[in-house]
Amino acid sequence: MGVEGRRVRFGLLSTARINGAVLAGALPSEEVDVVAVASRSRDRAERYASEHGLERVHGSYDALLEDPDVDAVYVSLPNGLHVEWSVRALEAGKHVLCEKPLTRHPEAAERAFAAAEAADRFLVEAFMWRHSPQTQRLQALVAEGAIGELRLVRAAFSFSLTDLGDVRMRPELDGGALMDVGCYCVSGIRLLAGEPQRVLGELVRASTGVDVRFAAVLGLPNGVLGHFDCALDLPGRSALEAVGSEGSLTLDDPWHARRPGIDLRRGDGEPERIEVGAADSYRLELESLARAIRGEADPLLGRDDALGQARTLAALYRSAEEGRAVEL
Ligand SMILES: NC(=O)c1ccc[n+]([C@@H]2O[C@H](COP(=O)([O-])OP(=O)(O)OC[C@H]3O[C@@H](n4cnc5c(N)ncnc54)[C@H](OP(=O)(O)O)[C@@H]3O)[C@@H](O)[C@H]2O)c1
């Protein structure tokens, strides 16, 4: 059924906690509706649907993929299941918004986008931070030379997770700090400086085997350096800083943008606060995909970005595991 001129109907593939942010983003939107939920357990799906006012309930993920009233599927599964279920959804004729990170394996990213192309459907990695007005302002400031020539990008994202049973702590589901939060740092550095040419990573493992802390240095085009740290065992921290020949731009809340605003420092001067309006990034990412599905615009994020992410994550893990710098 065509989607021209109507709201795009999303189905939630799982009852994950992150669904809450997507439901809140969809609620005020006139471009999308969340109409269905699927769970491995029918009871859980029914409870979830009644708590969130969803009209359609499926007791298996496959049943959601067969639902003709669903245009697009939001894949909010643990990381290790992202590609498998994105491909299944694409093959079933659904568009897919897949939670970040799509994958740490470049060949799996290639396979997923080949499935999207074969099915003539969109596949988008859900980096909601890329949709925020704050991110777009930062990108424009760097591009227009507000800090001179870009020379260094620094990023951080950490929080403290004590539940060893959480999906983030499970190696078989591709948990880990780099996958969960470091992927934002990688996304931020790549957005501003381009594709890494060489990376050096160092990690510390949790008792479960996943990387609980990860730090890295990246060599980027035009002599730009990047560095970041991420962790599941440090207090909550978020930062993104771009440093140029003439100044710097600092974001204190780059990933969630709940406190949007950019500090611009020129030379050794006092920071000038650049105000940015608040916006719901989850709503914006849903609406961006909806416009693409209706043929009104290109999606913001596609194959090249997801592949760049996967190649960088793979190189970072290889570097940390082999104890040496890795060329890309
Ligand atoms: N963009 C963001 O701001 C953001 C924030 C948080 C998380 N995320 C991403 O969203 C994804 C989900 O994270 P979350 O914290 O929301 O996860 P979660 O609450 O643990 O939920 C994961 C869901 O996956 C389903 N599932 C299927 N197989 C599973 C398995 N073997 N073990 C555990 N659950 C399984 C379960 O749903 P059923 O039992 O109903 O089938 C479960 O509710 C991750 O990829 C994460 O990186 C993104």
Side-chain angles (χ1 to χ4, degrees), residues 11-26 36-52 54 57-65 73-86 88-89 96-104 108 112 124-132 135 157-159 161-188 208 210-211 230 232 236 238 253-258 279-286 288-289 300-301 306 309-310 313:
L12 306 173
L13 201 141
S14 96
T15 56
R17 282 163 294 180
I18 186 58
N19 289 357
V22 164
L23 283 164
V37 62
S39 172
R40 295 168 298 173
S41 140
R42 174 134 207 124
D43 281 357
R44 202 153 48 239
E46 275 172 4
R47 265 199 317 276
Y48 196 90
S50 87
E51 277 165 23
H52 296 91
L54 304 178
V57 181
H58 297 290
S60 74
Y61 300 156
D62 279 315
L64 174 71
L65 303 189
V73 167
Y74 171 58
V75 176
S76 52
L77 295 170
N79 301 334
L81 300 172
H82 285 176
V83 167
E84 176 189 344
W85 282 99
S86 293
R88 287 204 205 188
V96 173
L97 178 63
C98 178
E99 258 313 333
K100 45 53 63 176
L102 175 67
T103 174
R104 58 185 276 188
V124 172
E125 186 173 21
F127 270 115
M128 84 301 182
W129 87 281
R130 288 286 309 270
H131 296 264
S132 82
T135 303
F157 199 172
S158 65
F159 71 104
L161 178 65
T162 49
D163 176 8
L164 292 179
D166 190 281
V167 293
R168 289 158 185 75
M169 288 292 185
R170 292 170 56 185
E172 74 281 12
L173 295 176
D174 277 349
L178 178 57
M179 290 295 278
D180 191 50
V181 280
C183 64
Y184 287 93
C185 302
V186 168
S187 175
T208 61
V210 302
D211 52 300
C230 61
L232 305 176
S238 289
D253 186 13
W255 320 121
H256 290 112
R258 296 185 189 113
D280 184 328
S281 306
Y282 298 96
R283 174 179 177 173
L284 295 175
E285 76 176 349
L286 288 167
S288 165
L289 177 54
L300 180 68
L301 297 171
Q309 280 290 125
L313 295 175

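As the structure lists them, so they are numbered: ligands from 1, and atoms in each ligand from 1. Throughout, numbering of the chain's residues begins at 1 and tracks the sequence.
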Quick check on salt bridge (Lys or Arg N to Asp or Glu O under 4.0 Å): which of R170, K100, R104 does D180 satisfy it with?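 For D180, the salt bridge (Lys or Arg N to Asp or Glu O under 4.0 Å) test succeeds with only one of R170, K100, R104, which is K100.
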Give the single entry among [options] that approaches [atom] most closely by any heavy atom.
| atom | options | result |
| --- | --- | --- |
| atom 45 (O) of ligand 1 | N79, N19, L13 | N79 |
| atom 12 (C) of ligand 1 | P78, S76, G20 | S76 |
| atom 48 (C) of ligand 1 | H82, R40, E99, E285 | E99 |
| atom 6 (C) of ligand 1 | M128, R17, R168 | R168 |

CG on D253 to CZ on R258, rounded to 0.5 Å: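 Going from the CZ atom of R258 to the CG atom of D253 covers 6.5 Å.
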One residue to check: [X]. Relative to ligand 1, which of side chain, backbone, both or neither has a non-hydrogen atom less than 4.0 Å away?
| X | answer |
| --- | --- |
| Y184 | side chain |
| Y48 | neither |
| T15 | both |
| R170 | side chain |
| D180 | side chain |

Shortest protein heavy-atom distance from atom 33 (C) of ligand 1, along with the residue and atom involved: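 Nearest neighbour among protein heavy atoms for atom 33 (C) of ligand 1, to 0.1 Å: V167 CG1, 3.6 Å.
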Quick test: of every protein heavy atom, which one is nearest to atom 41 (O) of ligand 1, and how far off is it to 0.1 Å?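 In this structure, atom 41 (O) of ligand 1 has Y61 OH, 2.4 Å as its nearest protein heavy atom.
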Kindly assign one of parallel, tilted or perpendicular to the pair W255 and F157, based on the angle between their ring planes and the thresholds 30° and 60°.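 Aromatic pair W255/F157 classed parallel.
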What side-chain donor-acceptor pairs closer than 3.5 Å can you find for residues 58-65, not counting sequence neighbours?
{"residue": "H58", "atom": "NE2", "partner": "D67", "partner atom": "OD2", "Å": "2.8"}
{"residue": "S60", "atom": "OG", "partner": "A63", "partner atom": "N", "Å": "3.0"}

Side chain or backbone, does P101 bring an N or O within less than 3.5 Å of an N or O on ligand 1?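 N/O-N/O distance under 3.5 Å: no.
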Tell me whether S41 has any N or O atom under 3.5 angstrom from an N or O of ligand 1.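 Among all N and O atoms of S41, none is under 3.5 Å from an N or O of ligand 1.
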